[in-house]
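Before any comments, here is the structure.
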Amino acid sequence: MSDPQPVYLSNYQPPAYRVTHTELTFDLDPAATRVKARLLMERHAEAEANAPLVLNGEHLKLISLSINATPLNESDYQVDAETLTIADVPERFALESEVEIAPQENTALEGLYQSNGMYCTQCEAEGFRRITFYPDRPDVMATFKVTVIGDQQREPILLANGNPMERGELNGGRHFVTWEDPHPKPCYLFALVAGNLHSVEDHFTTMSGREVKLQIWVEKDNLDKTEHAMASLKRAMTWDEQAYGREYDLDLFMIVAVNDFNMGAMENKGLNIFNSAAVLTHPQTATDTAFQNVEGIVAHEYFHNWSGNRVTCRDWFQLSLKEGFTVYRDQCFSADTNSAPVKRIQDVSFFRTAQFAEDAGPTAHPIRPDRYIEITNFYTLTIYEKGAEVVRMLRNLVGEENFRRGSDLYFERFDGQAVTIEDFVGCMAEVSGEDLEQFMRWYSQAGTPDIDAHGDYDYVHGEYHLTLRQRTPATPGQPDKQPLHIPVRMGLVGTKSGQDLTLTLNGEKIGKDAVIHLRDDEQTFVFTDVAEAPVPSLLREFSAPVKLHYPYSREDLAFLLTHDSDGFNRWDAGQRLALLALDDLIAAHRNGVEKVMDSRVVDAFKALLTGPMSDKAVLAEMLTLPTEAYIAEQQPIVDVDAIHAAREFVRQSLAVALRDEFIAIFEANVTEEAYAPTPEQIAQRSLKNVALSYLMSIEDEQGLALCKEQFAADHNMTDVRQALTLLVHSDRDDLASPALKSFGEKWAHDPLVMDQWFTIQVSRPQPDVLERVKYLMGHPAFSLKNPNKVRALIGAFAQNRVNFHRLDGQGYQLLADVVIELNRLNPEIAARLITPLTRWQRFDETRQALMRSQLERIKQEPLSSNVYEVVEKALA
Ligand code: ARG
Ligand code: ZN
């Protein structure tokens, strides 16, 4: 077998034939579903008259094929594992085909598959070719008419995109529903759902007065878990009208929850399909974080109706066109709906840990890759999150008003079309008059730019010289990097006044908080009329996805922590201060020297805990230490044990020094109010639970009592989960075991809660975790075929740094074993699961060798193209 070959952006060709209208009939059966397709096709004006018709198709059993009602002979066409080719077709024709597929055997969860007995589909990116022969590419857009035939008992509900037009009964206890979607769409937005589902219904009146029926379809037991998703959907619909002037365009909008789903959710036209984890919530089963995720994902998929569906991507290299923009849109929505600074802090904190690591590793790729082997490997933090950061920079470069004019222009000009990133950025350039040519490099250049900043205050002339130097490290396939256009939002905080000073640059007053533009490798900005020595506050609100290095002293950081007018940078100053202390402690641990806590960190935390309390949500973030993963990102060579020990030492030192303050904070934030996912309540709970985690780190007697009480009170899942986690992660197995047991028994029937139960156990630091993972893989609630279970148990274990990176290599071996098995069952999930092993370069030589040997072992297997691509890059 030859190795899978990449597809190149530079080879893009428009399709030779397009489909103007698609009619599908599904006769559902678990082992043998029949799919009839009738495609109205025409040759592209620019295509050669003798161009063959090439359709995609995989795992399809061809039953019949005809053109304009004339059956084709076997000599008229050719079928291989991936395509159907018909050499000779007229300029316009109707192509009819019938194929057979087996949904019950589909464990890859791409195409038509079964989940808990119900039928559902996932077509993005290239799943439709597992349903029928079709030009499976996003630049072929057609109207769809879909008839679904199912069993009246087993599949009383039959759904597809658009509006239901006709329904009726058939012989043998069968029935059908016919759906029509009037909006031309690429086949990746096709969806079908059939099963014994129940719905919760609501409605929404759009700004132009259109009445839209809203439905959330779930299994009967979950009917009480849809309220929050429905409320989020209505908020999202309103927000998109206000923020972007975009309203919904069909009479019906449906969301379906399914248990087996590779990703979070999918924006199929009018019929969004969701991983049940991304839609179901209940105060007793879902945490605040889950509530917020659901809100964000419901909004994200809804926003795709414009940024993705009405205007879609020309080819999959443009994936970030819809994903980066839509993530940016959902981030803004969540910021408007909740605490904006906390949303930004959480997003950036995640981004700097996970996306920076991706950008620094062997699978680094630009936001617009120029090649791929398997497109599902490119649903990444770079395409999504870095893509969103780039859109955010664009918004900041052209300004709020131009950004809205630019997006209006984009939606109007390209409605119903499949377009490119240039088309989007071009609209922004056109309305603003900005030159965005250099900016476009953000889309083609991979890697995270390092910015070295250096500042000098000249007392004599009252000048401040700020020198910024940028350098993007080499990434695979891109040894040499060009300078990027980097917007740096900043202020100068006067050390005497503690206030932002007015900035005068090149003789022009630019305000107290301004954006300077770094375009060259190195630039010096001279600020004049600077009356007092300042501390620079750079990259406010994380104005560009870069690593900023400035030689701040701990005194500078303590100063910014209290005085910076930018909430984000106040938080970041605290993180930097903690990181400096952690650095010393990591070194002490490695050198076997006694660890000494930096009193400046204690003082800073004390000031936070006892000072005027403005925003509890922000305070909770400020009291949270950088994660082990983020600390690791800052180290040249990752020493997992030293990092863990140093962080625990800081936690415990703070807990000892500020024990009474933590108790006071805890008690001040206990509430008897009925649970609501409001920003106020969420802030209270996070603050209280951060305090509890400090207390539990020293197994404080009163802390333990509060923790047990919080678990027993069973008030809401946020509090219960935190209490259980703290017990299980402590050394008090006498308390943890019975709590785990009762929790596991109570929720044995609820897969989403059992996911949490798995994760809590395998993320504890104690060395028995590997054994637990092995044991839990045999638990009746676990299944390798369910992606949520794999993520909750195996994925969570691989995030458990001290245990996954055991020096005997058994953690790596376990992950590789699972990858090898999943490679056969679900290649997309298998390829994703390898990620931690691909980061081997970051570790010591012993671990490097162990990690590489597991990658080599995987490579010996007959691999899916998904796993092949990742392993190949990781070992290159
Ligand atoms: N477009 C979907 C979303 O953002 C994700 C599709 C995932 N596709 C995949 N093959 N994993 O929101
Ligand atoms: Zn998306």
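Because the structure is a prediction, the values reported are computed rather than measured. Numbering of ligands and ligand atoms starts at 1, following listing order.
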Met263, portion touching ligand 1 at heavy-atom distance under 4.0 Å: side chain
Atom indices of ligand 1, in the order listed, that fall short of 4.0 Å to a heavy atom of Gln122: 8 (N)
4.0 Å heavy-atom contact, Thr376 with ligand 1: yes
Polar atom proximity, Tyr379 to ligand 1 (N or O, under 3.5 Å): no
Ring center gap for Phe274 and Phe261 short of 6.0 angstrom: no
Heteroatom of Glu323 nearest to the Zn ion (ligand 2) (N, O or S, atom name): OE1
Exercise: do Gln318 and Thr420 side chains pair donor with acceptor under 3.5 Å: no
Nearest protein heavy atom with distance in Å, relative to atom 10 (N) of ligand 1: Glu124 O, 2.9 Å
Heavy atom of the protein closest to atom 2 (C) of ligand 1 (residue, atom name, distance): Glu267 OE1, 3.2 Å
Per-atom contacts of ligand 1 with Met266, taking only distances under 4.0 Å to non-hydrogen atoms: 1 (N), 2 (C), 6 (C)
side-chain contact (heavy atoms from CB on, under 4.5 Å), paired with His365, selected from Asn377, Asp370, Thr382: Thr382
Atoms of ligand 1 close to Glu301 [distance to a heavy atom under 4.0 angstrom, numbered from 1]: 3 (C), 4 (O), 12 (O)
Ligand-side contact atoms (ligand 1) for residue partner Tyr384, heavy atom cut-off under 4.0 Å: 1 (N), 2 (C), 3 (C), 4 (O), 5 (C), 12 (O)
Proximity to ligand 1 by part of Glu110, non-hydrogen separation under 4.0 Å: neither
Nearest protein heavy atom with distance in Å, relative to atom 11 (N) of ligand 1: Glu828 OE2, 2.5 Å
Ligand-residue contact atoms, ligand 1 with Lys322, heavy atoms, under 4.0 Å: 1 (N)
Between Arg314 and Gln417, a side-chain donor and acceptor under 3.5 Å: no
For the Zn ion (ligand 2): the N/O/S atom of His300 at shortest distance: NE2
Glu227, CD: over 12 other non-hydrogen atoms inside 6.0 angstrom: no
Heavy-atom donor-acceptor pair, Arg235 side chain to Leu233 backbone, under 3.5 Å: no
Polar contact flag, side-chain donor to acceptor under 3.5 angstrom, Ser232-Tyr302: no
Lys269: which of Asn305, Asn309, Asp181 passes side-chain hydrogen bond (donor to acceptor under 3.5 Å, both in side chains): Asn305
For Ala265, the ligand 1 atoms whose distance to one of its heavy atoms is below 4.0 Å: 2 (C), 3 (C), 5 (C), 12 (O)
His300 and Glu267 side chains, donor-acceptor separation under 3.5 Å: no
His304: numbered ligand 1 atoms lying under 4.0 Å from its heavy atoms: 4 (O), 12 (O)
Six-ring centre of Phe325, Arg329 cation under 6.0 angstrom, axis tolerance 45°: yes
